[in-house]
There are 2 protein chains.
Amino acid sequence: MPQLPAFDVMTATCPSRTSLVRIANKWTAMVVIALSSGRMRFRDLRATVDGISAKVLTETLRDLERDGLVTRHMYAEVPPRVEYELTALGRTLHAPLHALGSWAEDHITEVLAARESYDARQ
Amino acid sequence: MPQLPAFDVMTATCPSRTSLVRIANKWTAMVVIALSSGRMRFRDLRATVDGISAKVLTETLRDLERDGLVTRHMYAEVPPRVEYELTALGRTLHAPLHALGSWAEDHITEVLAARESYDARQ
DNA sequence: CTGTATCCGCTATGATACTG
DNA sequence: CAGTATCATAGCGGATACAG
């Protein structure tokens with residue numbers, strides 16, 4: 001029997017699980033990766049994170065702001081301008097999420113080959 | 001204007017996005033972390049990944065197997081025994097996902113404080 | 001431009017019962 | 001034990017319209 005990892009996130013009732021659920025999410029990952037290059041406007045985020053709707057982007061940013069990962073900067077201009085920026089805490093999350101994005105790109109050939117092989121077998 | 005990250009996963013139609021979507025997922029993260037300690041039986045995975053249903057665990061393992069991240073070992077015994085193991089490719093995914101789990105645990109205090117502060121403001 | 005407000009379908013997930 | 005099958009439901013997420 002392999003040694004079990006003593007990982008709190010594995011416990012459904014542990015608070016850290018709620019945090020993992022939020023960060024282990026495609027939209028969160030892409031938004032944080034996008035923001036790693038610096039402060040960005042709402043519309044630029046929407047353009048960068050291809051396919052995200054305004055509603056989902058708004059909700060994702062709100063959740064990130066609530067968790068202390070993102071700061072919201074509003075400008076009283078017309079038309080209005082709002083910029084989002086990673087907090088110090090948010091920047092500590094960049095490396096893990098960026099690693100996930102890099103993994104997806106670095107291994108896509110192997111993954112696609114595996115899928116093809118699997119589907120051919122079934 | 002900050003420099004935009006030239007990240008394929010940001011493009012909705014890029015194959016690597018489909019891979020990111022799969023790995024940037026709470027269940028995937030927890031199952032891969034659990035399997036990092038070695039080969040495990042279905043029931044032990046269910047017990048380790050607290051709260052996961054048999055159905056979801058089955059589907060998660062199938063998806064991971066299809067992407068070439070997990071190998072399935074069946075034993076013709078009664079009662080049946082099935083073990084799951086990370087492939088070489090799957091093991092390369094452990095570090096990024098483990099980092100995510102560690103992040104959730106290491107920063108849960110800050111996250112909870114941020115949530116409390118945010119909720120109090122609203 | 002940056003949202004909010006609906007409406008709503010689809011998918012993810014859970015519960016339960018059943019099979020080999 | 002390790003699933004599969006079925007059903008029920010919540011919430012994610014898309015489309016659209018509208019507001020400040």
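We name chains A, B, ... by the order of the sequence lines, and we start the count at 1 in each one.
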Atom CG of A:Leu93 and atom CG of A:Leu86: how far apart are they, to the nearest 0.5 Å?
-> 8.0 Å
Side chain of B:Trp27: nearest nucleotide among D:dG14, C:dG14, C:dG3?
-> C:dG14
A:Pro15 versus B:Leu112, closest heavy-atom pair with distance | CB-CD1, 4.0 Å
Out of C:dT13, C:dC1, D:dG14, which has the shortest distance to the side chain of A:Val56?
-> D:dG14
Of B:Pro80 and B:Ile52, the one whose closest nucleotide on DNA chain C sits nearer the 5' end is B:Ile52
Output the single nucleotide from D:dG14, C:dT2, C:dT13 whose closest atom is nearest the side chain of A:Phe42.
-> C:dT2
To the side chain of B:Thr58, which of D:dG13, C:dG3, D:dG3 is closest?
-> D:dG3
Nearest to side-chain heavy atoms of B:Lys55, which nucleotide of C:dG3, D:dC1, C:dG14 | C:dG14
Of D:dG13, C:dC1, C:dG14, the nucleotide closest to the side chain of A:Lys26 is D:dG13
Nucleotide nearest B:Arg41 (side chain, heavy atoms from C-beta), chosen from C:dG14, D:dT4, D:dC1 = D:dC1
Scan B:Tyr75 against the nucleic acid and name what it touches under 4.0 Å (heavy atoms): base, sugar-phosphate only, or nothing.
-> nothing
Examine D:dG14: is either OP1 or OP2 under 4.0 Å from a nitrogen or oxygen in the side chain of A:Ser53? Give yes or no.
-> yes
Could you tell me whether the phosphate oxygens of C:dG3, OP1 or OP2, come under 4.0 Å of any side-chain nitrogen or oxygen in A:Arg81?
-> no
One should read off an interatomic distance between A:Asp106 CG and B:Asp8 CG, to the nearest 0.5 angstrom, of 10.5 Å
Using a cut-off of 4.0 Å on non-hydrogen atoms, how would the nucleic acid contact of A:Arg46 be classed: base, sugar-phosphate, or nothing?
-> nothing
Cluster overlap A:Val21 with B:Ile33, hydrophobic side-chain contacts below 4.5 Å | no
